[in-house]
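For reference, the structure is listed below as structure tokens.
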Amino acid sequence: MKVTIVGAGAVGASCAEYIAIKDFASEVVLLDIKEGYAEGKAMDLMQTASLNGFDTKITGTTNDYSKTAGSDICVITSGIPRKPGMTREELIGINAGIVKTVASSLVQHSPDTILIVVSNPMDTMTYLAHKSIDLPKHRIIGMGGALDSARFKYRLAEALGAPISDVDGMVIGGHSDTGMVPLTRLATRNSVPVSEFIDADRLQQVLEDTKVGGATLTKLLGTSAWYAPGAAVSALVQAIACDQHKMFPCSALLEGEYGLNDICLGVPVILGRNGIESIVEIELDQKEKDHLQSSAAGVSAVNGLLDV
Ligand code: NAI
């Protein structure tokens, strides 16, 4: 199993580290445009192998795509992250050009790959990948909902005073502060609806904290987060590599599902060796449906800024 990660920055390197620690891939290639940067990150990570007990071989390259040839899974984390006060959408001007070039270089060398898009604005960058490269739709996946759901579960567990492993919940919709649709109605603690344990005001606060989860960290860190994003990407990579048939909310190209067309938006999907094996259409109530529609409208408006 060969995995390429483009962008050896904060998220790319964190993702490589989690993949290596889980030890399911034979090879991880880090590629970056910055001279020597990916090579350095790869060497540093390899020097953790004996300490962390993995055999995954991590190598780095400065923009040599021949080294990525034959990758089963490619991850795009290249591009600029947001600074405090910025929205993800403001990154489109720079990141669209990067994602388009990187995606086509990757596919040239790995025509059968599965592509995971992470760069922001992620739903629009995933849509751009669909429009600009020739891969079947189940092979292009955007990562956002897995991270937003992890943040939702963190906030829920905090509000409930419960261990995170007792809590379940999912965030669908666009990967933006206004586009996220946390499904509080379906969130549970030990399979019991969370509304049994906390009042509506507290639940509303959980929802608000989840939506600004990325912005809160960006303010604290001065740049966007990397541990949880890296872990979320590695979970998707593992689900595909190990054919886990596991459900994650991911940005997928919709063709009628949830009443939406020609848009990439976060919906529950089953991930396995072929990428997106199916899109799961869960029953939403009217409020959730309306929220998903307005989320889609927001993403469509950003897609309209693309030159495709
Ligand atoms: P970073 O600045 O630490 O790393 C980005 C790396 O991309 C840099 O090392 C840079 O040299 C490299 N790069 C730029 N242009 C390139 C090109 N043409 N080819 C190869 N490499 C190139 O940024 P960070 O924090 O790792 O974030 C990366 C992206 O991921 C940002 O767009 C950020 O907004 C996004 N992100 C998305 C998340 C999600 O849930 N979808 C979560 C967190 C970050």
Side-chain angles (χ1 to χ4, degrees), residues 4-18 29-42 60-65 67-68 74-84 86-106 109 115-129 141-152 171 173-177 179-180 210-218 221-237 248-251 264-266 299 302:
T4 284
I5 301 169
V6 179
V11 176
S14 159
C15 170
E17 183 177 12
Y18 287 120
V29 178
L30 275 170
L31 182 147
D32 203 283
I33 202 167
K34 228 187 286 176
E35 186 69 43
Y37 196 57
E39 289 88 332
K41 289 277 183 109
T61 171
T62 305
N63 238 18
D64 180 357
Y65 280 87
K67 302 266 174 63
T68 72
C74 292
V75 180
I76 303 183
T77 72
S78 48
I80 53 164
R82 58 183 172 153
K83 296 281 172 219
M86 283 175 89
T87 66
R88 295 174 178 91
E89 291 72 24
E90 285 174 73
L91 307 173
I92 191 171
I94 295 176
N95 286 356
I98 294 174
V99 168
K100 196 171 176 179
T101 313
V102 167
S104 75
S105 304
L106 284 171
H109 291 84
L115 190 67
I116 300 179
V117 180
V118 181
S119 310
N120 275 315
M122 181 279 296
D123 297 291
T124 296
M125 293 302 103
T126 307
Y127 181 75
L128 174 64
I141 305 161
M143 193 295 288
L147 170 64
D148 300 332
S149 300
R151 287 178 171 156
F152 184 39
V171 177
H175 180 57
S176 71
D177 299 0
M180 280 179 218
T210 300
K211 287 183 183 176
V212 296
T216 303
L217 283 162
T218 302
L221 298 167
T223 185
S224 66
W226 55 88
Y227 293 122
V233 180
S234 78
L236 304 193
V237 171
F248 287 95
C250 291
S251 194
C264 290
L265 199 68
V299 171
V302 182

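Note that ligands are numbered from 1 as they come in the structure, with each ligand's atoms numbered from 1 the same way.
A 4.5 Å side-chain heavy-atom check between Ser119 and Ile98 finds every atom pair outside the cut-off. With contacts defined as side-chain heavy-atom distances shorter than 4.5 Å, the pair Val117/Ile141 does not qualify. Using a 4.5 Å heavy-atom cutoff, the side chains of Thr77 and Val6 are not in contact. In this structure, Tyr65 and Leu31 have side chains that are in contact, with non-hydrogen atoms separated by less than 4.5 Å. Side-chain contact between Ser251 and Met143 is absent, with no heavy-atom pair separated by less than 4.5 Å. Counting heavy atoms from C-beta on, the side chains of Ile92 and Met125 come closer than 4.5 Å. The side-chain heavy atoms of Asp32 and Asn63, taken from C-beta on, include no pair separated by under 4.5 Å. Taking the side chain as every heavy atom from C-beta outward, Thr62 and Lys34 never approach each other to under 4.5 Å.
Heavy atoms from both the backbone and the side chain of Asn120 come within less than 4.0 Å of ligand 1. The parts of Met143 lying near ligand 1 are both backbone and side chain, judged by heavy-atom distances below 4.0 Å. In Ile98, the part holding a heavy atom less than 4.0 Å from any atom of ligand 1 is the side chain.
Of the polar atoms of Ala8, none of the N or O atoms is found under 3.5 Å from an N or O of ligand 1, judged by distance alone. On a distance-only criterion, Asp32 and ligand 1 share at least one N/O pair closer than 3.5 Å. No N or O atom of Thr223 sits closer than 3.5 Å to an N or O atom of ligand 1. Checked by distance only, ligand 1 and Leu91 stay at 3.5 Å or farther apart across all their nitrogen or oxygen atoms.
Distances below 4.0 Å separate heavy atoms of Thr77 from the following atoms of ligand 1: 5 (C), 28 (C), 29 (C). Listed by number with element, the atoms of ligand 1 under 4.0 angstrom from any heavy atom of Leu147 are 40 (O), 42 (C). The atoms of ligand 1 that sit less than 4.0 Å from any heavy atom of Pro229 are 42 (C), 43 (C). For ligand 1, the atoms closer than 4.0 angstrom to any heavy atom of Ile80 are 31 (C), 32 (O), 34 (O). Residue-ligand proximity, His175 to ligand 1, at heavy-atom distances under 4.0 Å covers atoms 39 (C), 40 (O), 41 (N). Atoms of ligand 1 lying under 4.0 Å from any heavy atom of Lys34, numbered from 1 in the order shown and given with element: 11 (O). When each atom of ligand 1 is checked for a heavy atom of Val6 under 4.0 Å away, the hits are 20 (C). Distances below 4.0 Å separate heavy atoms of Met122 from the following atoms of ligand 1: 41 (N).
Interatomic distance, SG of Cys264 versus CG of Leu128, reported as 9.5 Å (0.5 Å rounding). With rounding to the nearest 0.5 Å, the separation of OG in Ser176 from CG in Asp123 is 7.5 Å.
Checking each of Val75, Ile76, Ile5, Val99 against Val118 for a side-chain contact (heavy atoms from CB on, under 4.5 Å) leaves exactly one that passes, namely Val75.
For atom 44 (C) of ligand 1, the closest non-hydrogen atom on the protein side is Val11 CG2, 3.7 Å. Nearest protein heavy-atom contact of atom 3 (O) of ligand 1 is Ala10 N, 2.9 Å. Looking from atom 2 (O) of ligand 1 to the surrounding protein, the closest heavy atom is Pro81 CD, 3.5 Å. The closest protein non-hydrogen atom to atom 4 (O) of ligand 1 is Gly9 CA, 3.2 Å.
Smallest separation of non-hydrogen atoms from Asn95 and Ile80: OD1-N, 2.8 Å.
A salt bridge links Asp177 to Arg88: at least one charged side-chain nitrogen sits closer than 4.0 Å to a carboxylate oxygen.
Residue nearest to atom 5 (C) of ligand 1, selected from Ser119, Ser78, Gly79, Gly7: Gly79 (by heavy-atom distance). Atom 21 (N) of ligand 1 has its nearest heavy-atom neighbour, among Ile33, Ile5, Leu217, in Ile33. The heavy atom nearest to atom 38 (C) of ligand 1, out of those in Val118, Thr218, Leu221, is found in Val118.
Residue contacts with ligand 1 do not include Trp226, since none of its heavy atoms lies under 4.0 Å from the ligand.
Other residues, nucleotides and ligands contribute at most 12 non-hydrogen atoms within 6.0 Å of the CD1 atom of Ile94.
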